[in-house]
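Just so you know, these numbers use all the heavy atoms, side chains as well, and skip hydrogens, waters and symmetry mates. As the structure is a computational prediction, the values presented were derived from the model and not from experiment.
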Amino acid sequence: MPLTAAVAGASGYAGGEVIRLLCSHPQISPVTVTAHSQVGQRLGSVQPHLRQVAEAELVETTAENLAGHDLVFLALPHGKSGELSDRLAQLSPETVVIDCGADHRLHHRDDWDAFYGGEYHPAWTYGVPELPVAGGKQRAALQQTKRIAAPGCNASTVALSLAPGIQAGLIDPSDLVSVLAVGPSGAGRALKPNLLAAEILGSASPYAVGGVHRHIPEIKQALRETLPADRQPEIQLCFTPVLVPMARGILATSTARVQPGVGEAELRAAWEAAYSDEEFVQVLPAGQHPATAATVGANTLLMSLTFDPASHRLVVVAALDNLVKGTAGAAIQSANLALGLPENSGLTMNGVAP
């Protein structure tokens, strides 16, 4: 019998992407879909591309409706997942719960208060299996949990880009700069004037400039944890996202000052050692650079490494689909690990082109 899944927030972009991927999963079936204002409607009326489950009825997002499934995916705005999690733990303690929102990502209440506000909820196991951490990879922790915090799409892109160099001591953690070109689907499906087609077509515009983007503490937290608790470095990151007219995708250019005496060969060796065995995080050959179009629909992050000797900086360019590897794909990949299923079940490394 297939495992059963409930998806809260099924009318949104992240929820819809979770359902799309689950429809191709050999062991997990989406059987309950919930929403807020669309309760009572058929899923196909709000997610017309999901033909396989178009007749599923959207029900109210309550802990009672989510309980009793093998898995629950919470694809809700920040501040909403936490409201359900405690009650869901009481009703359905054996259910594996994956939060695609921000409510369970941050270890420190001060970070939550500074960047989000509202009630703080304790951190769950971080859902980036390939992330280098002290003692190995984050994958090991995911194999022993029932509570998973899927990553912020920008956060996992930057953390995976820079983690090998922090862990190996090859780059200066106090001098990191990331500039990201991002598609508007990362902001969710709610109507916002700055995300209207008339505003973004033919234009690129920065937002959350000057150290205020909510993914910054998540990135710094992930990079610190590449090293043991008694050696965690002080991370200084300048992070600037730029909204560009593509529906989905992230192209992140991250640079870091290289430690004295370190050259290109040593840098490439560290990144290849970190990711050479990974299916979904791939370092491209020297001279090749990723494009977001190559990752559309795929659970794949592609990255290039270039050493700039004039500035003595490393340049890492990373591309992924923010709705797949950045959110829903990472959530399902992590859930597979928690359930003891093949890690790549229901996921593909192949993009859609043209």
Next on the checklist: Please check: side-chain N/O of Ser92 versus main-chain N/O of Gly68, any donor-acceptor pairing under 3.5 Å?
Outcome noted: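 Yes; judged by distance alone, with no hydrogens or angles, the pair exists.
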Checklist entry - Judged by atom type as modelled, is there a donor-acceptor pair below 3.5 Å linking the side chain of Thr292 to the main-chain atoms of Ile250? => result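 No; judged by distance alone, with no hydrogens or angles, the pair does not exist.
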Checklist entry - Given the rule that I, L, V, M, F, W and Y join up when any side-chain heavy atoms are under 4.5 Å apart, are Phe307 and Val317 in one cluster? => result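 Per the 4.5 Å side-chain linkage, Phe307 and Val317 are not co-clustered.
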Item to check | Val179 reachable from Phe239 in the ILVMFWY side-chain graph, under 4.5 Å edges | outcome: no
Next on the checklist: Tell me which one of Leu347, Thr348, Val324 satisfies side chain to side chain contact (heavy atoms under 4.5 Å, CB included) with Phe280.
Outcome noted: Leu347
Looking only at side chains, do [X] and [Y] share a donor and an acceptor under 3.5 Å apart?
| X | Y | value |
| --- | --- | --- |
| Thr157 | Asn154 | no |
| Ser45 | Gln41 | yes |
| Glu225 | Tyr126 | no |
| Asn299 | Gln333 | yes |
| Lys220 | Gln236 | no |

[X] bridged to [Y] by N-O distance under 4.0 Å:
| X | Y | value |
| --- | --- | --- |
| Arg313 | Asp308 | no |
| Lys137 | Glu130 | no |
| Arg139 | Glu278 | yes |

Checklist entry - If you look at every heavy atom in Gly15 and Val7, which pair is closest and at what distance? => result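 Between these two residues, the closest heavy atoms are O-CG1, 3.8 Å.
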Next on the checklist: Parallel, tilted or perpendicular: which one describes the rings of Trp124 and His104, with boundaries at 30° and 60°?
Outcome noted: parallel
